[in-house]
Amino acid sequence: MAPILVSAERTVDAPADVIYGYFADMREHHPRFLPPAFADFQVEAGGAHVRIATTWDGAGGMGGFFERLFAPRVMRGIYADELVRLAAYAREQRGGGGR
């Protein structure tokens, strides 16, 4: 079994502490840009350039082959979607004076 790493990143036009706050606030902010594919999420570190990453031990055999082939593509798309949602949410909050 080989580890599988999937990540996506982009620059979000908002201060690092604000972005961190959006991710950390699982009641008010984070659910507003979290893609429906996610139910559990943890913030490990902050920064103005946002990177979402997941690593897991892939399955072996034929199932593992397909997992390594398809899961990263699907997850990268989901992560990219979340980053777009985050950027839009940050713009919306800044425009409305909210945090």
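- Residues forming a side-chain contact (heavy atoms from CB on, under 4.5 Å) with A88 (at least two apart in sequence, or on another chain): R91.
- Under the side-chain hydrogen bond (donor to acceptor under 3.5 Å, both in side chains) criterion, T11 pairs with H49, sequence neighbours left out.
- Listed here is the closest heavy atom pair of V50 and F23: CG1-CE1, 3.7 Å.
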Would you sort out whether E67 and W56 count as a side chain to side chain contact (heavy atoms under 4.5 Å, CB included), showing the intermediate values? CA-CA 11 Å; E67 179 182 26; W56 73 93; 2.6 Å; yes
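- Applying the side-chain hydrogen bond (donor to acceptor under 3.5 Å, both in side chains) rule to S7 yields no partners; only residues at least two apart in sequence or on another chain are considered.
- There is no path of hydrophobic side-chain contacts, each under 4.5 Å, that joins L34 to V84.
- In this view, A90 and V12, A14, I19, Y22 satisfy the side-chain contact (heavy atoms from CB on, under 4.5 Å) rule, not counting sequence neighbours.
- Cluster note: F66 groups with M62, F65, L69, F70 through ILVMFWY side-chain heavy atoms spaced under 4.5 Å, whether in direct contact or through intervening members.
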When you look at D13 and R94, which way does the side chain to side chain contact (heavy atoms under 4.5 Å, CB included) test go after all the steps? CA-CA 10 Å; D13 186 23; R94 195 174 55 250; 3.6 Å; yes
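- Between L86 and R10, the closest side-chain pair of non-hydrogen atoms is not below 4.5 Å.
- Of all heavy-atom pairs between R68 and A59, the closest is NH1-O, 3.3 Å.
- The minimum heavy-atom distance between P72 and I4, with the atom names listed, is CG-CG2, 3.8 Å.
- Remark: P31 pairs with no residue by the side-chain contact (heavy atoms from CB on, under 4.5 Å) rule, at least two apart or across chains.
- Classified by interplanar angle (parallel below 30°, tilted 30° to 60°, perpendicular above 60°), the ring pair H29/Y89 is perpendicular.
- Judged as a salt bridge (charged side-chain N to carboxylate O under 4.0 Å, His left out), and not counting sequence neighbours, the contacts of R85 are D81.
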